[in-house]
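Written below as structure tokens is the structure these notes are about.
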Protein chains: 2
Amino acid sequence: MTAQHGTAPGTAPGTAHGTRRRSEASRRAILTAAFELVGEVGYAKLSIEGIAARAGVGKQTIYRWWPSKGAVLFDAFLMLSEGPDDSPALPDTGDLEADLKAVLRATVAELNDPRYDEPMRALNTEILHDPALAAAYAERLDGPMKELKKQRLRSAQRAGQLSGDLDLDVAIEMLWGPLLNRWLQRSGPLTPEYADTVVETALNGLRPR
Amino acid sequence: MTAQHGTAPGTAPGTAHGTRRRSEASRRAILTAAFELVGEVGYAKLSIEGIAARAGVGKQTIYRWWPSKGAVLFDAFLMLSEGPDDSPALPDTGDLEADLKAVLRATVAELNDPRYDEPMRALNTEILHDPALAAAYAERLDGPMKELKKQRLRSAQRAGQLSGDLDLDVAIEMLWGPLLNRWLQRSGPLTPEYADTVVETALNGLRPR
DNA sequence: AAAACGAGACGAGACGATCCGTCTTGACAG
DNA sequence: CTGTCAAGACGGATCGTCTCGTCTCGTTTT
């Protein structure tokens, strides 16, 4: 039931024999309000009180079910990502370089989308300071996406387009790491052309060929 | 002078004709207190009041000279990095791979040092949400280090160990991006071995050779 | 089957605590 | 004089806890 990300299950809310009903309406209202609010007022001014007011909910209803502001934010992302069927496998046309460029350009577009920029920055902030939340993120949000990337790379490996003894985790971080870093630290323009250059450079290596 | 990072210079504190003396002792006490406190209580509980109390300083003295908590933190780092002579150029033994491994391993060690972990996470948090601070960081802290890295890579390029048409900014981000990301998001163990693998993979490229 | 009971969750908001950023005071220094 | 300093009072915002009275239901009793 939701992330909770740090608490032991105990008597999981949903099993006991007595009575207990969790309001699904309130849950959705809270997560929606949290996501919208962080986009409007920014991370620094995001408050539990504000979320409760916007959601038309008592503060206790938030404190009862989530251990921290970060956990609420996390569940809000989880709700979004579970909406549509979003595991349609990465493109695999046989042309690895083109496929990677397409995917990285999509990542760039998403990072540049003002609708997601603030919320994602907020989530990253919480992850930055909460190892438990970081673990939940790695497992529930980043993990599935990473698996898709690995599949595409494995396919390329089978086709002989990638070195056979490649560590796929490292490969993924070499492709996406530069993008993420540029976005987080704003260390340079995050353009589709940059994505292309990263792909080309990563594939060919820094050494002359 | 300090960073100020967003304000126009105006009458820079130090030039006016009347009288004005800024207490250097207070300045150092504030920056030291900020750095120590964030390491002790963490970023979430770091407060201006706490910094002032620890530094034995009035709150107004902080508000007078710094526009935000992030700017204080930034100047604290600036003070540290300006202490010793820390631009001794990167090692250049002629063996690019070994030199890069040594430097990346040093980066890993620094990121893993609990003395710097919390403060650096705090600084990154502020950078994440403050473009002006991000620009100051890029210029004053990251910039000089990046220039050293570029020099080493240029030397390698001259020696024919790196592709001639390489974008050095991209090369640097491909080497350090994975490390930074792993540290920020805690997406995996940050070990010296990982640094080695990144160097090897980046140099050789993902494609088979 | 219908009525009564009881366990929780719910919205609302009062509460003391903390920290915000501003403002005032009186001492001190150029 | 003028501007900085340490100290701290001030009103406002938000924190997390706690207490209300209401509600929704599963269980039990009739």
Side-chain angles (χ1 to χ4, degrees), chain A residues 1-2 4 6-7 10-34 37-38 40-73 122 126 129-130, chain B residues 1-2 4 6-7 10-34 37-38 40-73 122 126 129-130:
Chain A
M1 212 96 318
T2 86
Q4 289 288 16
T7 49
T11 299
T15 20
H17 62 298
T19 56
R20 95 275 55 158
R21 55 228 145 256
R22 149 103 100 136
S23 165
E24 178 65 14
S26 290
R27 186 181 154 272
R28 301 186 71 88
I30 288 165
L31 299 183
T32 303
L37 258 186
V38 79
E40 291 172 19
V41 307
Y43 166 75
K45 306 202 142 188
L46 180 68
S47 68
I48 299 279
E49 304 216 344
I51 297 173
R54 156 83 69 124
V57 138
K59 288 200 292 174
Q60 196 57 241
T61 302
I62 299 182
Y63 283 109
R64 177 153 37 229
W65 297 109
W66 288 277
S68 70
K69 205 161 62 179
V72 177
L73 231 28
E126 302 284 359
H129 297 284
D130 184 341
Chain B
M1 208 98 312
T2 85
Q4 289 286 15
T7 49
T11 300
T15 20
H17 61 295
T19 55
R20 92 276 63 155
R21 55 231 146 255
R22 150 102 100 134
S23 164
E24 177 65 14
S26 291
R27 186 182 153 271
R28 300 187 72 87
I30 288 165
L31 299 183
T32 303
L37 259 186
V38 79
E40 292 172 19
V41 307
Y43 165 75
K45 308 203 140 187
L46 179 68
S47 68
I48 299 278
E49 302 216 346
I51 297 173
R54 156 84 69 125
V57 137
K59 287 199 293 173
Q60 195 58 240
T61 303
I62 299 182
Y63 284 109
R64 178 153 35 230
W65 299 108
W66 287 275
S68 71
K69 206 161 62 179
V72 177
L73 230 28
E126 302 283 0
H129 296 285
D130 185 341

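In what follows, chains are A, B, ... by sequence order, proteins preceding strands, each numbered from 1.
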Worksheet item: Can you name the residues that form a salt bridge (Lys or Arg N to Asp or Glu O under 4.0 Å) with R54(B), not counting sequence neighbours?
Response: E36(B), E40(B)
Fill in: Partners passing salt bridge (Lys or Arg N to Asp or Glu O under 4.0 Å) against K59(B) (at least two apart in sequence or in another chain)
E49(B)
Starting at [atom1] of [X] and ending at [atom2] of [N], how long is that distance when rounded to a whole Å?
X	N	atom1	atom2	value
I30(B)	dT4(D)	CD1	P	14 Å
W65(A)	dG11(C)	CH2	P	12 Å
R64(B)	dA7(D)	CZ	C1'	12 Å
I62(A)	dA12(C)	CD1	P	12 Å

Worksheet entry | Under 4.0 angstrom between S23(A) side-chain N/O and dA9(C) OP1 or OP2 | no
Worksheet item: Hey, does the side chain of W66(A) come within less than 4.0 Å of dG16(D)'s phosphate (OP1/OP2), counting only N and O?
Response: no
Measuring from the side chain of [X] (C-beta onward, heavy atoms only), which nucleotide among [options] has the closest atom?
X	options	value
S26(B)	dC10(C), dA12(C), dA6(D)	dA6(D)
Q60(B)	dA9(C), dC23(C), dG16(D)	dC23(C)
R22(B)	dC5(D), dC10(C), dC20(C)	dC5(D)

Worksheet entry | Geometric cation-pi criterion, R22(B) with W66(B): 6.0 Å, 45° | yes
Worksheet item: What closest approach, in Å, do L46(A) and A34(A) show between heavy atoms, and which atom pair accounts for it?
Response: CD1-O, 4.3 Å
Item to complete: Work out which heavy atom in A55(B) is nearest to a heavy atom in A29(B); give both atom names and the distance.
Response: CB-O, 3.6 Å
Worksheet item: By a strict heavy-atom criterion of less than 4.0 Å, which residues belonging to residues 44-59 of chain B are in contact with DNA chain C?
Response: S47(B), I48(B), E49(B), K59(B)
Worksheet item: Can you name the side-chain contact (heavy atoms from CB on, under 4.5 Å) partners of I48(A), sequence neighbours left out?
Response: I62(A), Y63(A), K69(A)
Worksheet item: Between atom CG of L37(A) and atom CG of L73(A), what is the distance when rounded to the nearest 0.5 Å?
Response: 10.5 Å
Worksheet entry | Partner set under side-chain hydrogen bond (donor to acceptor under 3.5 Å, both in side chains) for S26(A), not counting sequence neighbours | S23(A)
Between N or O atoms, less than 3.5 Å apart, protein on one side and nucleotides 22-24 of chain D on the other: list the pairs.
| from | atom 1 | to | atom 2 | distance (Å) |
| --- | --- | --- | --- | --- |
| dT24(D) | O2 | R21(A) | NE | 3.1 |
| dT24(D) | O2 | R21(A) | NH2 | 2.4 |

